[in-house]
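A quick write-up on the structure given underneath.
Each chain gets a letter, A, B and so on, in the order its sequence line appears, and its residues count up from 1.
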Amino acid sequence: MFDLIKRFGALTIEYTRRMGVMGLFLFKAIVFMVIPPLKFFRFLKQIRFIGLQSVVVILLTGAFSGMVLGFQGFYSLSRFGSDAFLGPMVGLALIKELGPVISALMVTGRAGSAIAAEIGIMRMSEQIDALELMGLNPYRYLVVPNLLAAMISLPLLTAIFDVVGIFGGYLIGGKLLGVGAGTYFGEMASYVEMQDVWEGIYKSFSFGIIIAWVCCFKGYYAGIFTGFGSEGVSRATTQAVVLSSVLILVWDYFMTSILF
Amino acid sequence: MIQIENLHKSFDGHEVFKGISLEIPKGLVLALIGLSGCGKSVLLKHVAGLIKPEKGRVVVDGKEMGKDRGKALRALRDRLGFLFQGGALFDSLNVFENVAFPLKEKTRLSHPLIQARVLKELENVGLSGSEYKYPSQISGGMVKRAALARSLVGDPEIMLFDEPTTGLDPVTGQSIIELIDACHQRLHFTGIIVTHEISRISPIVDRIAMLHEGVVWAQGTPSEFFSFEDPVVRAFLGEASKCRS
């Protein structure tokens, strides 16, 4: 029994320490992001990787999410004779909630996992040590470009997701199930306010920070917190995706319930 | 000059160093030997400032490693080159870009100057013609050569070699040793070479030190070292020569 308490205590201390290290990691990343110089070409490369190369997956998921919402929304609303409100329902659901969350989850799976794996392999093969020994700051090369790129890309990807989703909803609700374009978009324009759009933007911006922070951290500390070798990298990647996804959902709840 | 004074370090309760003290005068090269897992590479990383000691200190040219941060640490590292066991080349950059990387990032040299310097360095290590190959496209020996070129391109005053010949065939290994010697003749760096291949390395080093049970078990010039009667040293040298034959 005493042993169990001892082990629980040791585990608590260890996880508290890791959380501290993780917090410090984000703090340093933000400090080096604010203080020049910025590795501009690496930043552009990451914008391309996180943002541009995620567009196809965002288009697909956005379109189908909107189409599903169109179906489900229409059948639910028509029970109450409110199918005219399909537009606002799809619009609000996508802009406030589904757009930021699903985009973030997609980017986590597509780009976040790759970031964690890349940095993890660099850690294992001593490339990060090599950077340090050259007198260069690994945060500037590996973390800041990802953080900045994710902060910029996520709101833009979310905007694409929202627009495609709204048209996907119209394709089903309007073209297939007979809600008129005027009703669909007109009601949407009446009920969706700029504040709702900002809410989605704030959320996606913060999700960008979460993805880059967690995935870079997991890769950077691969071998220290996740074990060595290829198994360590694979564990770091898995943990990065799982933790990012969980944090996105938890943070989404807090942002929705407290901030808005 | 590199001074290591009373260095202590433990990992997960296992005491790796129990008071290591060593001194490498300016311009001399020390071979560091010992059984696998005795902490040779860890000692090298202490000297490079990648690991902080629990007790004791590492002093490089009067400046204590691990104490300075920021600009002071970067200035100290500017004078230091490190050849990693696996090369640690950036795998997304080709050989040319790898060698040019420190110059591009840390100097204001123009592109033609950087190009000339990198090509010269690659020629010195016998890698002319392989500039645009990626680390995954070249052999282990070529990776070591490219890594050596990268670590030497800034004309370091201190060079640390972590098992430079491990994993290479005897001919390639010998060529790397000769290359290190040629670079030392050219740059006169102060160096530490972690190695198991003591008989092959000994002609190019000034001193040999053996780590055993967390301390410097024996040290001396190569001729002194090979005449030591200590059973641990004899056993190591005996096994090393068996491996070589």
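Looking only at heavy-atom pairs under 4.5 Å with chain B, the residue among A/Leu136, A/Leu131, A/Leu133 that has the most is A/Leu133. In terms of non-hydrogen atom pairs under 4.5 Å with chain A, the most contact-rich of B/Leu80, B/Leu160, B/Leu89 is B/Leu89.
Taken from CG in A/Asp129 to CG in B/Asp162, the straight-line distance is 10.5 Å, to the nearest 0.5 Å. With values rounded to the nearest 0.5 angstrom, A/Glu132 atom CD is found 6.0 Å from B/Leu50 atom CG.
Under a cut-off of 6.0 angstrom, the local environment of CZ in A/Arg18 is crowded, with over 12 non-hydrogen atoms contributed by other residues, nucleotides or ligands. Counting non-hydrogen atoms of neighbouring residues, nucleotides and ligands closer than 6.0 angstrom, the CZ atom of A/Phe167 reaches no more than 12 such neighbours. Atom CD of B/Gln185 is surrounded by more than 12 heavy atoms from other residues, nucleotides or ligands within 6.0 Å. Counting non-hydrogen atoms of neighbouring residues, nucleotides and ligands closer than 6.0 angstrom, the CZ atom of B/Phe11 exceeds 12 such neighbours.
For the residue pair B/Lys106 and A/Met134, the shortest heavy atom distance occurs at NZ-O, 2.6 Å. Of all non-hydrogen atoms in A/Ala130 and B/Arg150, the two that sit nearest each other are CB-NH2, 3.6 Å.
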Audit row: B/Lys45, A/Glu126, salt bridge (charged side-chain N to carboxylate O under 4.0 Å, His left out) steps and yes/no: CA-CA 11 Å; B/Lys45 288 187 176 176; A/Glu126 296 179 310; 2.9 Å; yes
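Within the 4.5 angstrom heavy-atom criterion, only side-chain atoms of A/Ile121, from C-beta onward, approach chain B. Looking at B/Leu76, there are no atoms closer than 4.5 Å to chain A (heavy atoms on both sides), in backbone or side chain.
Between B/Phe90 and A/Tyr141, a ring centre-to-centre spacing not shorter than 6.0 Å is recorded.
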